[in-house]
Amino acid sequence: MVSNVNDIKKQNTIATEKISKIRTARLHRFYIIMGIFIVFAGILSFQLIHTHYERAQVEQQISTSKKHYTTAKNQNETLDVQVKQLNNDNYLQKLLREKYYYSKSGEIIYSLPSDHSEDVSQK
């Protein structure tokens with residue numbers, strides 16, 4: 001009877017050892033799987049944040065490019081108007097008279113102190 005009790009105790013200890021080994025193996029497997037999951041989640045989160053940051057930079061570049069485009073377009077339109085005006089003889093003569101003090105034949109130009117246009121000889 002004593003040997004039966006000892007045999008049962010040995011079998012119980014062997015069974016508890018096997019159960020504890022299985023539990024530790026499952027716990028280790030769980031930790032490994034969770035570690036792999038955390039690594040992948042970290043990589044994906046980093047990619048998501050990095051993509052969001054790059055998208056914000058590209059949108060900022062687009063907005064500045066649009067501003068530069070509108071200013072260049074407006075400047076181009078004003079230059080087109082100036083080119084058309086310079087092709088007009090009447091406007092060109094008026095500009096030469098005002099800016100460079102050219103005169104028509106028989107015309108006398110008087111320079112007044114309140115005149116703010118620059119003198120050609122001072123350039």
Side-chain angles (χ1 to χ4, degrees):
M1 180 134 157
V2 176
S3 70
N4 281 341
V5 173
N6 285 338
D7 288 338
I8 293 173
K9 284 184 181 180
K10 280 185 182 179
Q11 288 176 356
N12 282 342
T13 56
I14 292 173
T16 56
E17 287 177 6
K18 284 183 181 181
I19 291 172
S20 67
K21 285 182 183 179
I22 290 172
R23 284 184 181 168
T24 56
R26 286 182 180 173
L27 191 62
H28 287 258
R29 194 177 309 141
F30 174 74
Y31 288 145
I32 290 172
I33 290 171
M34 288 305 291
I36 291 171
F37 175 75
I38 289 172
V39 167
F40 280 123
I43 290 171
L44 293 176
S45 298
F46 175 77
Q47 287 292 330
L48 184 67
I49 292 169
H50 184 68
T51 303
H52 179 69
Y53 177 73
E54 285 183 349
R55 183 176 154 258
Q57 282 184 333
V58 168
E59 285 180 0
Q60 184 180 11
Q61 288 176 351
I62 287 172
S63 66
T64 55
S65 295
K66 283 182 180 180
K67 288 178 185 176
H68 289 303
Y69 173 72
T70 55
T71 56
K73 187 176 178 183
N74 291 338
Q75 185 179 11
N76 190 22
E77 289 174 358
T78 57
L79 290 175
D80 284 342
V81 168
Q82 286 179 354
V83 166
K84 287 179 183 178
Q85 288 177 342
L86 288 176
N87 287 332
N88 186 355
D89 289 335
N90 292 333
Y91 175 79
L92 191 59
Q93 289 175 1
K94 178 183 172 188
L95 182 68
L96 289 174
R97 278 193 218 111
E98 287 177 0
K99 199 168 188 177
Y100 300 110
Y101 298 110
Y102 282 168
S103 64
K104 291 181 181 178
S105 59
E107 196 176 51
I108 299 173
I109 299 175
Y110 295 102
S111 178
L112 301 174
S114 64
D115 190 14
H116 295 293
S117 59
E118 295 180 17
D119 189 11
V120 177
S121 61
Q122 291 179 358
K123 287 185 179 179

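All figures in this text were calculated on a predicted structure; none of them were measured in a lab.
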Exercise for the section: Considering only Ile, Leu, Val, Met, Phe, Trp and Tyr, and joining two whenever side-chain heavy atoms are under 4.5 Å apart, list the other residues clustered with V81. Expected result: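 So far as hydrophobic clustering goes, V81 is joined with none.
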
Problem - Residues clustered with I8, ILVMFWY side-chain links under 4.5 angstrom - result: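 Under the 4.5 Å side-chain rule, I8 groups with nothing.
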
Handout entry: Partners meeting side-chain contact (heavy atoms from CB on, under 4.5 Å) with L44 (sequence neighbours left out)
Key =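 Residues passing side-chain contact (heavy atoms from CB on, under 4.5 Å) with L44: none at all.
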
Handout entry: Heavy-atom check, side chain of K18 versus side chain of I14, under 4.5 Å
Key =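 Side-chain contact under 4.5 Å: yes.
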
Keeping to residues at least two apart or across chains, list the side chain to side chain donor-acceptor pair (under 3.5 Å) pairs with something in [range].
| range | value |
| --- | --- |
| residues 67-82 | none |
| residues 50-62 | H50-E54, Y53-Q57, R55-E59 |
| residues 20-39 | none |

Exercise for the section: Verify the cluster assignment for M34 and L27: are they in a single hydrophobic cluster under the rule of side-chain heavy atoms below 4.5 Å apart? Expected result: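 Yes; tracing contacts between hydrophobic side chains, which count when under 4.5 Å, links both residues.
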
Handout entry: Common cluster, F40/I32, ILVMFWY with side-chain heavy-atom separation under 4.5 Å
Key =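 In one cluster: yes.
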
Exercise for the section: Verify, without hydrogens or angle tests, whether N87 (side chain) and V83 (backbone) share a donor-acceptor contact under 3.5 angstrom. Expected result: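 Checking the backbone N and O of V83 against the side chain of N87, a donor-acceptor pair under 3.5 Å is found.
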
